[in-house]
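A short write-up of the structure that comes next.
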Amino acid sequence: MKCLKKTGVVLALLACGFGGIAQAQQKSGEQTYKDVCMVCHAAGVANAPKLGDAKAWAPLIKEGQAVLTAHAWVGVRGMPARGGSPNLSQEDFAKAVAYMANSAGGKWKDPDTKLMAAIQAEEKKRIVELKVKK
Ligand code: HEC
């Protein structure tokens, strides 16, 4: 019994410990926006759609979360791939897109596994599209 109890405590510690580490690595969309996207998207550098600009974001929001996120991730004209931040994960990028869309009237959620898969499918399509155009 004693041993079982101890094992329980150790398991709980491990689970909470690792959970804590995983949490610390996850950034909110707002945080990524501030760290990476704000330099261009606050002032609208090179016509970047500004945070909170409902008019600029309305047609983008219409594209749908998976499509818009994938296109921005791959890069669109003045918008550099991954927001110019090669170490950014696709999930954190997607959250930042959702944060910006929501600042301008969108009702997007942080992506779940299903949405991440949809984003990756759109990303593949987009890369093929861009190759065909060239
Ligand atoms: C170096 C400046 C710059 C940075 C940094 C940047 N963007 Fe952009 N972004 C742009 C510009 C410019 C456009 C407009 C592109 C166009 O339509 O010509 C844009 C467009 C977009 C769009 C709309 C794409 C479309 O299909 O029209 C999204 C979404 C976006 N950015 C998300 C982000 C996110 C998320 C980040 C941070 C992780 C980020 N951007 C960082 C410059 C930037």
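All heavy atoms count here, side chains included; hydrogens, waters and symmetry mates do not. Count residues from 1 along the sequence. All figures in this text were calculated on a predicted structure; none of them were measured in a lab.
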- Message: Holding to side-chain hydrogen bond (donor to acceptor under 3.5 Å, both in side chains), I want the full list of residues that pass it with Lys124, two or more places apart in sequence or in another chain.
- Response: none
- Task: For Lys34, check side-chain hydrogen bond (donor to acceptor under 3.5 Å, both in side chains) against everything at least two apart and list the hits.
- Result: Glu30
- Message: Please list all pairs meeting ring-ring contact (aromatic ring centres under 6.0 Å, His included) that have one or both residues in residues 108-131, counting only residues at least two apart or in different chains.
- Response: none
- Residues pairing under ring-ring contact (aromatic ring centres under 6.0 Å, His included) where one sits in residues 34-82, two or more places apart or in two chains, turn out to be Trp73-Phe93
With clusters defined by side-chain heavy atoms of hydrophobic residues (ILVMFWY) lying less than 4.5 Å apart, directly or transitively, does [Y] cluster with [X]?
| X | Y | result |
| --- | --- | --- |
| Ile127 | Leu88 | yes |
| Tyr99 | Val45 | no |
| Val39 | Leu51 | no |

If you look at every heavy atom in [X] and [Y], which pair is closest and at what distance?
| X | Y | result |
| --- | --- | --- |
| Lys109 | Ala98 | O-CB, 4.0 Å |
| Ala96 | Cys37 | CB-SG, 4.0 Å |
| Gly83 | Val36 | O-CG1, 3.7 Å |

- Query: Could Arg126 and Glu129 be called an ion pair, given the rule that one side-chain N must be under 4.0 Å from one carboxylate O?
  - Reply: yes
- How would you list, by chain and number, every residue that makes a side chain to side chain contact (heavy atoms under 4.5 Å, CB included) with Ala56, sequence neighbours excluded? Pro49, Asp53
- Query: Is any side-chain heavy atom of Ile61 closer than 4.5 Å to a side-chain heavy atom of Leu68?
  - Reply: no
Review item, side-chain donor-acceptor pairs of residues 110-121, under 3.5 Å, at least two apart:
residue, atom, partner, partner atom, Å
Asp112, OD1, Lys114, N, 3.3
Asp112, OD1, Leu115, N, 2.9
Gln120, NE2, Gln90, OE1, 3.0

- Task: Using the test salt bridge (Lys or Arg N to Asp or Glu O under 4.0 Å), find all partners of Glu122 that sit at least two apart in sequence or belong to another chain.
- Result: Lys125
- Query: Would you say the side chains of Lys95 and Gln26 form a donor-acceptor pair under 3.5 Å?
  - Reply: yes
- Separation between CG (Asn47) and SG (Cys40), nearest 0.5 Å, reads 11.5 Å
- Message: Give me each pair satisfying salt bridge (Lys or Arg N to Asp or Glu O under 4.0 Å) with a member in residues 61-89, each pair once, sequence neighbours excluded.
- Response: none
